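All values reported here derive from a predicted model rather than from experimental measurement. We count ligands from 1, going down the list as the structure has it; atoms in each ligand are counted the same way.
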Amino acid sequence: MPVLADIAELAVCPPDTPQADIGLVRDAALAWDAAGRVVYAGPQSGLPQTLRNAPTTSAEGRTVVPGLVDAHTHLAFGGDRAGEFTARLLGAEYLALARQGGGIASTVRATREASEEELYDRARTALDRMLALGVTTVEAKSGYGLNLPDEVKTLRVYQRLAREGPQRIVPTCLGAHIVPPEFADNREGYLRLLEDEIIPAVAQGGLARFFDGFVEDTAFSPGEARRLFAAARRHGLVPKLHADQLTDTSGAALAVEVGAASADHLECISEDGIAAMAASNVVAVSLPIATLVLGVEPLPARRLIDAGVPVAVATDFNPGSAPSLDLHLAAWLACTRQRMTPHEVLKGLTAFAAKALLLDDVGSLLPGFRADFAVLDAPSVEAWLYGFRPQTVVQTAIGGQTVFRRLAPPGS
Ligand code: NIG
Ligand code: FE
């Protein structure tokens with residue numbers, strides 16, 4: 001049973017404790033079994049006798065955290081939106097561009113044109129970069145296909161990536177991203193296509209765990225979303241929402257009503273929304289890169305945490321509102337713009353992110369969990385997220401197997 005010793009700070013991240021509790025152990029050791037499950041995570045001085053002669057490597061006084069879980073990405077898409085970025089910088093508004101057929105609709109065109117192989121290659125590259133950031137589990141949404149063949153094409157890419165590993169991929173069908181242009185005058189037709197064809201086919205093919213809906217003026221009304229979530233439920237898919245991102249549409253309350261695993265974005269959540277979430281099991285997923293790119297006020301993380309709502313932090317990696325897959329950047333923004341402490345953020349990148357995906361074997365290093373971990377070139381979690389120093393992950397392991405190692409750790 002391999003042992004990792006000489007850990008300055010080990011964050012175990014218990015899943016069922018408050019946001020700020022990362023189960024910190026100083027001068028720690030971590031051990032796992034041949035099946036890649038944690039068997040010991042605690043003080044090095046308390047290492048059981050049976051592990052004292054086990055093969056041991058040294059963390060050399062670094063910090064060890066659970067493998068990071070990116071609980072919200074739009075991983076596979078065609079094209080890019082660099083031209084639109086320039087237009088936005090010159091004053092065009094995100095929703096105005098969307099109304100003119102830009103925004104999400106332009107990525108829908110590019111994704112439909114892309115072959116499955118192209119989508120795979122780009123997503124593969126993104127996942128490899130994420131490994132170097134310590135990211136071991138990735139939620140991946142479709143939602144740029146928006147017809148049966150292209151939704152299935154995207155989700156098949158995720159199925160292949162999941163099969164190949166090393167990361168765990170959690171697929172979500174975001175069929176309710178927008179009403180695609182060919183249904184602009186026939187919303188009912190698109191709702192029926194989702195209910196009668198896309199949702200059943202995705203569920204039958206085992207292509208997704210979740211069904212996501214964007215509840216917003218330019219996307220779906222709460223009533224439409226409610227109807228689609230009911231269809232998704234009938235087929236065994238669990239709801240997730242893009243909620244209260246650009247306007248307050250009572251998305252948080254809808255997430256609670258439909259028993260969603262998470263409500264994501266929430267920049268415009270109301271006090272009633274916070275109260276509803278506090279009385280539920282719905283995880284709030286904060287996406288601070290999108291908040292920054294769209295230039296809106298951050299979600300009220302402090303009020304959510306004080307109310308007892310678990311807050312996960314994810315990238316929202318997509319070509320429009322969050323063109324970065326850097327979960328470390330999202331973490332730092334969650335500290336600096338949302339006033340979350342480094343410990344609270346780490347919990348949101350691990351145990352609470354796993355909760356948003358209904359996973360109970362990752363996101364923590366308690367005995368029995370998978371030995372997915374990242375070794376950080378920092379003396380503490382606080383030091384890791386205090387300044388934005390790139391390339392601080394020096395090793396990433398999944399099920400105890402090293403899947404990334406940085407040969408020359410950067411200077412400070
Ligand atoms: O999470 N809010 C809707 N969907 C994405 C944006 C996708 C895009 O702009 O392409 C989001 O921000
Ligand atoms: Fe998103």
Side-chain angles (χ1 to χ4, degrees), residues 70-85 87-88 92-112 114 119 122 126 138-146 150 154 170-181 210-221 225 239-249 251-252 254-255 260-269 283-296 298-299 312-325 327 330 333 353 356-357:
D70 193 341
H72 183 136
T73 83
H74 305 248
L75 185 65
F77 52 83
D80 68 49
R81 306 238 289 276
E84 197 177 282
F85 179 58
R88 286 214 311 265
E93 280 182 19
Y94 183 76
L95 282 182
L97 286 165
R99 284 191 199 97
Q100 292 156 19
I104 296 169
S106 74
T107 301
V108 170
R109 282 192 295 278
T111 304
R112 287 176 177 176
L119 292 182
R122 289 180 53 165
V138 179
E139 188 259 11
K141 300 178 197 295
S142 61
Y144 292 120
L146 305 185
D150 293 302
T154 309
V170 179
T172 295
C173 176
L174 175 56
H177 201 182
I178 55 167
V179 173
F210 298 101
F211 182 81
D212 198 336
F214 184 20
V215 181
E216 191 67 62
D217 271 3
T218 48
F220 294 85
S221 70
K240 268 185 176 288
L241 272 78
H242 281 68
D244 301 333
Q245 179 187 10
L246 302 162
T247 54
D248 171 17
T249 55
L254 178 62
S262 68
D264 303 30
H265 283 292
L266 300 177
E267 284 90 338
C268 299
I269 190 174
V283 176
V285 180
S286 160
L287 305 166
I289 297 176
T291 308
L292 180 74
V293 169
L294 298 183
V296 296
L299 96 171
V313 176
T315 59
D316 196 16
F317 175 50
N318 76 66
S321 63
S324 170
L325 52 72
L327 192 53
L333 290 173
L357 302 181

Ligand-residue contact atoms, ligand 1 with I104, heavy atoms, under 4.0 Å: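 So the atoms of ligand 1 that pass are 7 (C), 8 (C), 9 (O), 10 (O).
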Ligand-residue contact atoms, ligand 1 with R81, heavy atoms, under 4.0 Å: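 Under 4.0 Å from R81, ligand 1 has these atoms: 8 (C), 9 (O), 10 (O).
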Nearest 0.5 Å, what's the [atom1]-[atom2] distance between [X] and [Y]?
{"X": "T249", "Y": "E216", "atom1": "OG1", "atom2": "CD", "result": "6.0 Å"}
{"X": "L299", "Y": "L266", "atom1": "CG", "atom2": "CG", "result": "6.0 Å"}
{"X": "S286", "Y": "H265", "atom1": "OG", "atom2": "NE2", "result": "10.0 Å"}
{"X": "I289", "Y": "D316", "atom1": "CD1", "atom2": "CG", "result": "8.0 Å"}
{"X": "H242", "Y": "K141", "atom1": "NE2", "atom2": "NZ", "result": "5.0 Å"}

Protein N/O/S count near the Fe ion (ligand 2) (criterion: distance under 2.8 Å):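 For the Fe ion (ligand 2), the figure is 4.
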Starting from [atom], find the nearest protein heavy-atom neighbour and note its residue, name and distance.
{"atom": "atom 12 (O) of ligand 1", "value": "S321 OG, 2.5 Å"}
{"atom": "atom 2 (N) of ligand 1", "value": "Q245 OE1, 2.7 Å"}
{"atom": "atom 11 (C) of ligand 1", "value": "D316 OD2, 3.2 Å"}
{"atom": "atom 9 (O) of ligand 1", "value": "Y94 OH, 2.4 Å"}
{"atom": "atom 4 (N) of ligand 1", "value": "H177 NE2, 2.8 Å"}

Ring centers of H177, Y144 separated by less than 6.0 Å: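 H177 vs Y144: aromatic centres under 6.0 Å.
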Donor-acceptor pair between T218 and R99 side chains, under 3.5 angstrom: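 No, R99 and T218 have no side-chain donor paired with an acceptor closer than 3.5 Å.
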Test item: side-chain donor near acceptor, E139 and T172, under 3.5 Å: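 On atom types as modelled, these side chains qualify, holding a pair under 3.5 Å.
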Under 3.5 Å, side chain of [X] to main-chain N/O of [Y], donor-acceptor pair present?
{"X": "D244", "Y": "G251", "value": "yes"}
{"X": "T291", "Y": "P298", "value": "no"}
{"X": "R88", "Y": "G83", "value": "no"}

Best match, F77, Y144, F214: closest heavy atom to atom 3 (C) of ligand 1: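 The residue whose heavy atom sits nearest atom 3 (C) of ligand 1 is F214.
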Region of H265 engaging ligand 1 - heavy atom pairs below 4.0 Å: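 Within the 4.0 Å criterion, H265 contacts ligand 1 through side-chain atoms alone.
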N or O contact, T107 vs ligand 1, cut-off under 3.5 Å: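 No; every N/O pair is 3.5 Å or more apart.
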